[in-house]
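Remarks on the structure that follows.
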Amino acid sequence: MRRKELLILSVIAGGVVIGTFAVAEEKLPEHLRELLELGMHPGHVFVEEGKDYYHNLKGPNGKTCATCHGQDGSRLVGAYAKMPRYYKDIDEVADIDLRIYKCMTNYMGFDPEDKKFKKKYLKTYRVPLATYVASLSNGMKINVKIQHPKEKEMYELGKKVWFTRAGAREFSCAMCHTVLAGKRIRLQGLPNPVKAKSYKHWPAYRFGSDKMWTMEDRVRTCFRAYFLFLNRWDEKKDWVKKPPFFAKEVIAVELYMKHASNGGIIEVPGLLR
Amino acid sequence: MKKIATAGAIVGLGLLVACQPAAQKAEAQKPKKKLTAYEKFKIAFYQNRDEWQKYCSNEAQLVPKGISVEEFKKAMLATIKFPPGGKVMGDWKRGEKLFGDPKKGGRSRRGNCYACHCGDPQIIACGNIGPSLRGYGKKGVDPKQTYMRIYNSWAFNPCSAMPRLGYWGVLKPEEIADIVAFLHSPESPINK
């Protein structure tokens, strides 16, 4: 498959530099910059894959995304710049991951009770489709509005989540990303996604872990550090590692961060170490 | 149920009868449906926070106005439990693994001290969130102080970024004593 070939290529190209990963560095490593110059952004393969699903993946009722949203995503241009937002048809605030899932179950005939489909969506379709749709807003300014009562409620929740200390490691988003921003946790520099308007480069391809992630993946993974637990922290039995996909708290904190990123120019897929 | 019934039979019928309501209560709670992943998350993220974490959940992430720092510290001090015999220094080699296993590049799931502190100069993958602990044993700190600090850092610095690892049971008292030995022992690479 194209993605694999490209990755192998990029790994070969970057092989020497990867060895020096241990050195904390904020800017893009040399080999990634070279890849970009060669027009070989590893994340672009996901955009292509998403574009393919968008036009060719048929739901049980025969519809594709293009049936409703136009050839080449023509009617979704600029949509990502305003997400997450409230949608009347589903009566809730949705981010890109949830919005696409709802379109597939509500409008394409996929069964919302079908666990197998949900898994397939989360693992296979979600990231390429989200990345493709997000890329349709490239070059535009993030412009999230907090107007609908449910948007206001989610924004307040997101702000609360940002500052909430919890778990056996007493973390909060704010502890790592506001108070300790600029410091190093082991070798990883702690960014301030609110101040830096980091949302503009999400979804992003993370070179170190060879993964394309949406913001849901990013935020859910940050929760691992908290050591959230059900009864008493135990790394085997009782560790509540992450909130599930589409958790209200995750979408809320996304809304909080994306609103803080208003004005930032979307450039996705991002490329991170 | 069986145990209660046996105990009841031995002690006498009266106790058996007395036990009945409690046993029934336990039974009634049992057939709870399995929690969903989201329910689990909500319990963990909201319900299981202690009041002290709630105090620290403000914009500054510090003790808020209206809460006495001294009272806070006192309450935290009162939670500290010591290992059997009050021995606050254990085995430094075991402590080294808990602090951050050199065989794993200084990683350790539970202690994970290198995430925030430097220490053994061989371990270069160390964070700068807390002060460097290199040469810590030569500073003349009382090992008991060190023990208490690792058990419950908020007894010294409320709302600190340093987690209360003994308080939450992430590290057992004996394990904290091993880490204290790693910090204080003259043979430890921290102090070489």
Inset, instruction - Flag the pair Pro244(A) / Phe41(B) as yes when at least one side-chain heavy-atom distance between them is below 4.5 Å, and no otherwise. - result: yes

Legend entry - Under 4.5 Å from any heavy atom of chain A - which part of Ile123(B): neither

Legend entry - Contacting moiety of Leu180(A), where chain B heavy atoms sit under 4.5 Å: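 For Leu180(A), the contact with chain B is made by the side chain alone.
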
Legend entry - Heavy-atom closest pair, residues Ala168(A) and Leu165(B):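 Minimum heavy-atom separation between Ala168(A) and Leu165(B): O-CD2, 4.3 Å.
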
Inset, instruction - Considering only heavy atoms and a distance below 4.5 Å, find which of Gly100(B), Cys159(B), Gly105(B) pairs most often with chain A. - result: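 Greatest number of close heavy-atom pairs with chain A: Cys159(B).
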
Inset, instruction - Report the option among Cys118(B), Cys116(B), Ala115(B), Ala37(B) that has the most heavy-atom pairs separated by less than 4.5 Å from atoms of chain A. - result: Ala115(B)

Inset, instruction - Would you check, one step at a time, whether the test side-chain contact (heavy atoms from CB on, under 4.5 Å) holds for Leu190(A) with Ile129(B)? - result: CA-CA 10 Å; Leu190(A) 287 167; Ile129(B) 290 168; 4.1 Å; yes

Give me a line-by-line list of donor-acceptor atom pairs from chain A to chain B that are under 3.5 Å apart, or tell me none exist.
unit_1: Phe163(A); atom_1: O; unit_2: Gln61(B); atom_2: NE2; d: 3.0
unit_1: Arg165(A); atom_1: N; unit_2: Ser57(B); atom_2: OG; d: 2.9
unit_1: Arg165(A); atom_1: O; unit_2: Arg49(B); atom_2: NE; d: 3.0
unit_1: Arg165(A); atom_1: NH1; unit_2: Cys159(B); atom_2: O; d: 3.1
unit_1: Arg165(A); atom_1: NH2; unit_2: Cys159(B); atom_2: O; d: 3.1
unit_1: Arg165(A); atom_1: NH2; unit_2: Ser160(B); atom_2: O; d: 2.9
unit_1: Gly167(A); atom_1: O; unit_2: Gln53(B); atom_2: NE2; d: 2.9
unit_1: Arg169(A); atom_1: NH2; unit_2: Arg109(B); atom_2: O; d: 3.2
unit_1: Glu170(A); atom_1: OE1; unit_2: Gln53(B); atom_2: NE2; d: 2.8
unit_1: Glu170(A); atom_1: OE1; unit_2: Arg164(B); atom_2: NE; d: 3.4
unit_1: Glu170(A); atom_1: OE1; unit_2: Arg164(B); atom_2: NH2; d: 2.8
unit_1: Glu170(A); atom_1: OE1; unit_2: Trp168(B); atom_2: NE1; d: 3.4
unit_1: Glu170(A); atom_1: OE2; unit_2: Arg164(B); atom_2: N; d: 3.0
unit_1: Glu170(A); atom_1: OE2; unit_2: Arg164(B); atom_2: NE; d: 2.7
unit_1: Glu170(A); atom_1: OE2; unit_2: Trp168(B); atom_2: NE1; d: 2.9
unit_1: Ser172(A); atom_1: OG; unit_2: Gln61(B); atom_2: OE1; d: 2.6
unit_1: Arg184(A); atom_1: N; unit_2: Asn128(B); atom_2: OD1; d: 2.7
unit_1: Arg184(A); atom_1: O; unit_2: Asn128(B); atom_2: N; d: 3.1
unit_1: Arg184(A); atom_1: NH2; unit_2: Cys126(B); atom_2: O; d: 2.7
unit_1: Arg186(A); atom_1: N; unit_2: Ala115(B); atom_2: O; d: 2.7
unit_1: Arg186(A); atom_1: NH1; unit_2: Gly106(B); atom_2: O; d: 3.3
unit_1: Arg186(A); atom_1: NH2; unit_2: Asn112(B); atom_2: OD1; d: 2.6
unit_1: Phe229(A); atom_1: O; unit_2: Asn48(B); atom_2: ND2; d: 2.7
unit_1: Leu230(A); atom_1: O; unit_2: Asn48(B); atom_2: ND2; d: 2.9
unit_1: Glu249(A); atom_1: OE1; unit_2: Tyr38(B); atom_2: OH; d: 2.8
unit_1: Glu249(A); atom_1: OE2; unit_2: Tyr38(B); atom_2: OH; d: 3.4
unit_1: Glu249(A); atom_1: OE2; unit_2: Tyr46(B); atom_2: OH; d: 2.6

Legend entry - Leading residue by heavy atom contact count with chain B [cutoff under 4.5 Å; candidates Gly167(A), Ala247(A), Cys176(A)]: Gly167(A)

Legend entry - Phe45(B) vs Val161(A), side-chain contact (heavy atoms from CB on, under 4.5 Å): CA-CA, chis, key distance, verdict: CA-CA 9 Å; Phe45(B) 189 60; Val161(A) 168; 4.1 Å; yes

